[in-house]
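Reviewing the structure listed below.
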Amino acid sequence: MNEGVKTIIFPVAHPHLGRSKALFRALLGVEPHIDEEYYVGFRAGGQEIGLDPNGHSKGMTGPVGYWHVEDVEASLKALTGAGAEPFQEVQDVGGGRRIAAVQDADGNVIGLLEDS
């Protein structure tokens, strides 16, 4: 089962993290619920909007939408079986959250996120 795209992560250059936080604070009208050097997360309108200062070094060239799924490994296997190319292997990012990502034939990145 998948719950749709509920998380969007934006890669930001580390030196611009402060400016990006200010922009998203103004856009969303809320303070970040996580404000760390490695990730800044906002919750607004039932969505998680994240800023990843390491995103560019991970190959992110723009925002990535993460589909919330029950089983990240099964979803990753299904998508690669349907022709997607692996972009990011399953990674535990803490708090019971695991993520992975694939690319479609046009290079679009599709994120997968499992909360246990």
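Being a predicted model, the structure only gives us computed values, none of them experimental. In what follows, every heavy atom counts, from backbone to side chain, and hydrogens, waters and symmetry copies are set aside.
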Ignoring hydrogens and angles, tell me if any N or O in the side chain of Gln47 forms a donor-acceptor pair with the backbone of Val5 under 3.5 Å.
yes
Flag, side chain of Asp71 to backbone of Ala74, donor-acceptor distance under 3.5 Å:
yes
Determine whether Glu89 and Leu76 satisfy the following criterion, side chain to side chain contact (heavy atoms under 4.5 Å, CB included), listing intermediate values before the conclusion.
CA-CA 9 Å; Glu89 294 300 322; Leu76 184 61; 4.2 Å; yes
Between Val69 and Ile99, is there shared hydrophobic-cluster membership here, with clusters defined by ILVMFWY side-chain heavy atoms closer than 4.5 Å?
no
Verify the cluster assignment for Leu113 and Val93: are they in a single hydrophobic cluster under the rule of side-chain heavy atoms below 4.5 Å apart?
yes
pair [X]-[Y]: side-chain heavy atoms closer than 4.5 Å:
{"X": "Glu31", "Y": "Arg25", "value": "yes"}
{"X": "Glu73", "Y": "Val90", "value": "yes"}
{"X": "Val72", "Y": "Ser75", "value": "no"}
{"X": "Leu28", "Y": "Ile49", "value": "yes"}
{"X": "Val102", "Y": "Thr80", "value": "yes"}
{"X": "Gln103", "Y": "Asn108", "value": "no"}
{"X": "Asp52", "Y": "Phe10", "value": "no"}
{"X": "Val12", "Y": "Val40", "value": "no"}

Closest heavy-atom pair and its distance - [X], [Y]:
{"X": "Pro63", "Y": "Ile8", "answer": "CB-CG2, 4.0 Å"}
{"X": "Pro53", "Y": "Glu37", "answer": "CG-O, 3.0 Å"}
{"X": "Gly94", "Y": "Asp92", "answer": "N-OD1, 2.7 Å"}
{"X": "Pro11", "Y": "Gly62", "answer": "CD-O, 3.3 Å"}
{"X": "Ile9", "Y": "Met60", "answer": "O-CE, 3.5 Å"}

Is there a side chain to side chain contact (heavy atoms under 4.5 Å, CB included) between Glu3 and Glu70 once you walk through the steps?
CA-CA 9 Å; Glu3 300 175 31; Glu70 278 187 18; 5.8 Å; no
Near Lys77 NZ, under 6.0 Å, is it more than 12 heavy atoms from other residues, nucleotides or ligands?
no
A quick test of your reading: do over 12 heavy atoms of other residues, nucleotides or ligands sit less than 6.0 Å from CZ of Arg19?
no
When rounded to the nearest 0.5 Å, the distance separating CZ of Phe42 from NE2 of His33 is 9.0 Å
For the pair Leu112 and Leu79, evaluate side chain to side chain contact (heavy atoms under 4.5 Å, CB included) and give the outcome as yes or no after the intermediate values.
CA-CA 10 Å; Leu112 303 169; Leu79 293 176; 3.9 Å; yes
Pair Lys21, Leu51 - check side chain to side chain contact (heavy atoms under 4.5 Å, CB included), show working.
CA-CA 8 Å; Lys21 279 194 292 191; Leu51 307 177; 4.1 Å; yes
Is it true that Glu114 and His68 share a donor-acceptor pair across their side chains at a distance under 3.5 Å?
no
